[in-house]
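My questions all concern the structure below.
The structure presented is a predicted model; accordingly, all values stated were derived computationally and were not measured. Residue numbers start from 1 in every chain, and the chains themselves are labelled A, B, ... in the order their sequence lines are given, proteins ahead of strands. Hydrogens, waters and symmetry mates play no part in the numbers below; they use all other heavy atoms, side chains included.
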Protein chains: 2
Amino acid sequence: MTQKLTIQDIANLAGVAKSTVSRYLNNGYVSKEKAMLIDKVIRETGYKSNFFAKRLKTKQSKLIGIVMPRLDSFSAGKLLTGFNIILQQMGYQALILISELNSQKELDNISQLIQQGVDGIIVDSININDNHLKLINQANIPIIFTGQSHDKVNFIKVDDINAGKLMGEYIASLNHQQVVFLGVSPQDNAVGVDRYKGFRQGFLANNPQGKISFVQTDCSLEQAYNSGDTVVSFEPSAVVCATDNIALGLLRYFHEKKIHVPQDISLAGFGGYPVGSISYPSLTSLAFDYKHLGIKTAEKLLSMLQNQPVTSEYDHNMNLIIRESTRLAKI
Amino acid sequence: MTQKLTIQDIANLAGVAKSTVSRYLNNGYVSKEKAMLIDKVIRETGYKSNFFAKRLKTKQSKLIGIVMPRLDSFSAGKLLTGFNIILQQMGYQALILISELNSQKELDNISQLIQQGVDGIIVDSININDNHLKLINQANIPIIFTGQSHDKVNFIKVDDINAGKLMGEYIASLNHQQVVFLGVSPQDNAVGVDRYKGFRQGFLANNPQGKISFVQTDCSLEQAYNSGDTVVSFEPSAVVCATDNIALGLLRYFHEKKIHVPQDISLAGFGGYPVGSISYPSLTSLAFDYKHLGIKTAEKLLSMLQNQPVTSEYDHNMNLIIRESTRLAKI
DNA sequence: CTGTTAGCGCTTTCAC
DNA sequence: GTGAAAGCGCTAACAG
């Protein structure tokens, strides 16, 4: 446990001034001989410059704050992976805080990050409200949102309405008349409201007489499974679930009740989770590319950091993966 | 965009010395009147102390570095969730770097974190080698490993041998004679070697005549699915997979080949992934509590930070979840 | 209790 | 090219 070396120590050891060492470290002009001297000393001592002193002086933290609702979900993992690709490539590091799906905690996290002096913040939000706007205004750093949208903030998110629409059109094309949409609480505007809204639009535009019954559940496998009785009570020929997780939970219920998918009921979800490809039957899903979204989000934040003008956007990178769980309605 | 205020500005505004403001901020003795004055100014200005200046002075970063092989996996999400619970509770923040399952990158990440001046590091390692030891020795901060073990480092990890053993005993108790262990590369000591080793022990101890055939795959659903032909060529009455993901991939293969689980073949995995509970049939699995492990890991690091003596340990928090995919072998 | 003072380790003028 | 010197914003003695 040796005492940590400072730039002064290196300067002494190399017989130069510390400013020379600093220059060497920051690509300034240093003569070849001194450079070699310094290089040698640094290598021998394993000297590492003090992060905080450097940041204090340069006024750049090279730290990006990230607020996530949770870490243990498919989309969170992919999103973070995407963020990380860009951030580390550009020499930034991620400081990750968890909001635990709690809006107040999300705000607290943002505050804390601002205080810490991060250069910018990415928020995978649950819900954007007036408190967010206030906070953003008094912050002097760029903040970008994803997960939810709001016309007064910078955001980039999946186009849930469009996703719903594509799914609606597909289900309508299969001639289903009686369908159940197994969705989540409208508190989650993106998943709860938009996906459902888009689905109605897409479906009804192509099948005006079709009937859509809405059943509410949450994002857990268990609740989806438990919603089975209610779902079948509507005698649907197709069930569309707001997430693949929900669809998988319901699929399990169908298996147990010997309801055959897709012979008896067609089933589809949103998300494009990998397990959908190996479930039996495999699951038709409107897949999002969260990693790609993460990359774009980080890129946008970095643009903001360079004062480039950015506009909020809905990402259309999504595609319908048709698998075994859906088929034409029986006539 | 107002210029960021310093402690001196606050002091001027409140008509006191900056050290008084500092004391106020750090719970030092300040008279009631001055305290109120300062409080008022701080509130009005929204002053936030400079993170880096403070860290430079106090020599504590309150930052914990975390190196993960990847972020988009079930165990990673749970582990991080666990870390986070403890860290944020103790006023620490996580700086997360990704090694991308690459040992050299893992080392680079550790170096980088040391340089940044984090107070401690948690490494979810792929493989601990001599370079790690060198790095640890020249670092002046505590580093704890998980994921892999090594007798020269501090670690806490799942007891994979024991997990394998429990599974082996269970499969033996079901009277299976011909079993396939669908595992991964021995490069991953924990999952590739220990789980298999434990399984052999547990199984053969209770069924000395039993036959175990080893088939190698990787952790992906696809590869597991592709291993199907090889697996069935051994005509096993039970297949044990090194992870639930692998088991699920294989299950899909069985469905397609109309091989019934568990009637024709029993199937089990390791991990306790939630999808195992809703697959059809539901999957018997040796479940680990990764979140709990994350909590214990963070706690241990924090103990090290306070110079408390710690010992490496294998976590025994695991349990066999018996579901529908396994049953007694036919006689 | 409070103000003054001296740095933490680094970058960056500014002369030489 | 290089060194001396002046801080970045903060905390922590130290007198008073």
For residues 96-114 of chain B, which residue pairs pass the salt bridge (charged side-chain N to carboxylate O under 4.0 Å, His left out) check, not counting sequence neighbours? B:Glu100-B:Lys105
Examine the side chains of A:Gln148 and A:Asp124 and answer whether a donor and an acceptor come within less than 3.5 Å of each other. no
Rounding to an integer number of Å, can you tell me how far A:Arg55 CZ sits from C:dC8 C1'? 17 Å
Distance in angstrom units between A:Leu56 CG and C:dC10 P, rounded: 12 Å
Is A:Asp39 salt-bridged to A:Arg43, cutoff N-O under 4.0 Å? yes
C:dG7 C1' sits how many Å from A:Asn50 CG, rounded? 14 Å
Residues from residues 10-17 of chain A sitting under 4.0 Å of DNA chain D, heavy atoms only? A:Val16, A:Ala17
Side chain B:Gln93, main chain B:Ile64, donor-acceptor under 3.5 Å: no
When the distance from CD of A:Gln8 to P of C:dT11 is rounded to whole Å, what number comes out? 13 Å
Could you check whether A:Phe74 and B:Phe74 have their ring centres less than 6.0 Å apart? no
Look at the side chain of A:Ser312 and the backbone N and O of A:Val153, then say whether any donor-acceptor pair between them is shorter than 3.5 Å. yes
Report the distance from atom OH of A:Tyr24 to atom P of D:dT2, rounded to the nearest whole Å. 13 Å
What residues in residues 27-38 of chain A put a non-hydrogen atom under 4.0 Å from any atom of DNA chain D? A:Val30, A:Ser31, A:Lys34
Atom-to-atom span, CD1 of A:Ile7 to C1' of D:dT2 - whole angstrom: 14 Å
Return yes if some donor-acceptor pair links the side-chain N/O of A:Asn26 with the main-chain N/O of A:Gly28 below 3.5 Å, else return no. no
Does the A:Asp159 side chain pair with the main chain of A:His316, one donor and one acceptor, at a distance under 3.5 Å? no
Students should find that the end-to-end axis angle of the helix from C:dC1-D:dG16 to C:dC16-D:dG1, with five pairs defining each axis and rounding to 10 degrees, is 40°
Report the residue from B:Val21, B:Leu13, B:Asp9, B:Val16 that forms a side chain to side chain contact (heavy atoms under 4.5 Å, CB included) with B:Val41. B:Leu13
Could you go through nucleotides 12-16 of chain C and list every protein N or O atom that sits under 3.5 Å from one of its N or O atoms, giving the distance for each pair?
none

Under 4.0 angstrom between B:Lys59 side-chain N/O and C:dG9 OP1 or OP2: yes
Under 4.0 Å between a side-chain N or O of A:Tyr47 and OP1 or OP2 of C:dC10? yes
Under 3.5 Å, side chain of B:Thr58 to main-chain N/O of B:Lys54, donor-acceptor pair present? yes
Between B:Lys300 and B:Ile295 (side chain of the first, backbone of the second, donor and acceptor by atom type, cut-off under 3.5 Å), is there such a pair? no
Under 3.5 Å, is there a donor on one side chain and an acceptor on the other for B:Ser61 and B:Asp119? yes
Please give, in whole Å, the distance from D:dA12 P to B:Gln60 CD? 10 Å
What residues, two or more places apart in sequence or in another chain, satisfy side-chain contact (heavy atoms from CB on, under 4.5 Å) together with B:Ser185? B:Gln187, B:Gln216
Rounded to whole Å, how long is the line connecting atom CZ of B:Phe51 with atom P of D:dT11? 12 Å
Considering residues, nucleotides and ligands other than B:Lys157, do more than 12 of their heavy atoms fall under 6.0 Å from its NZ? yes
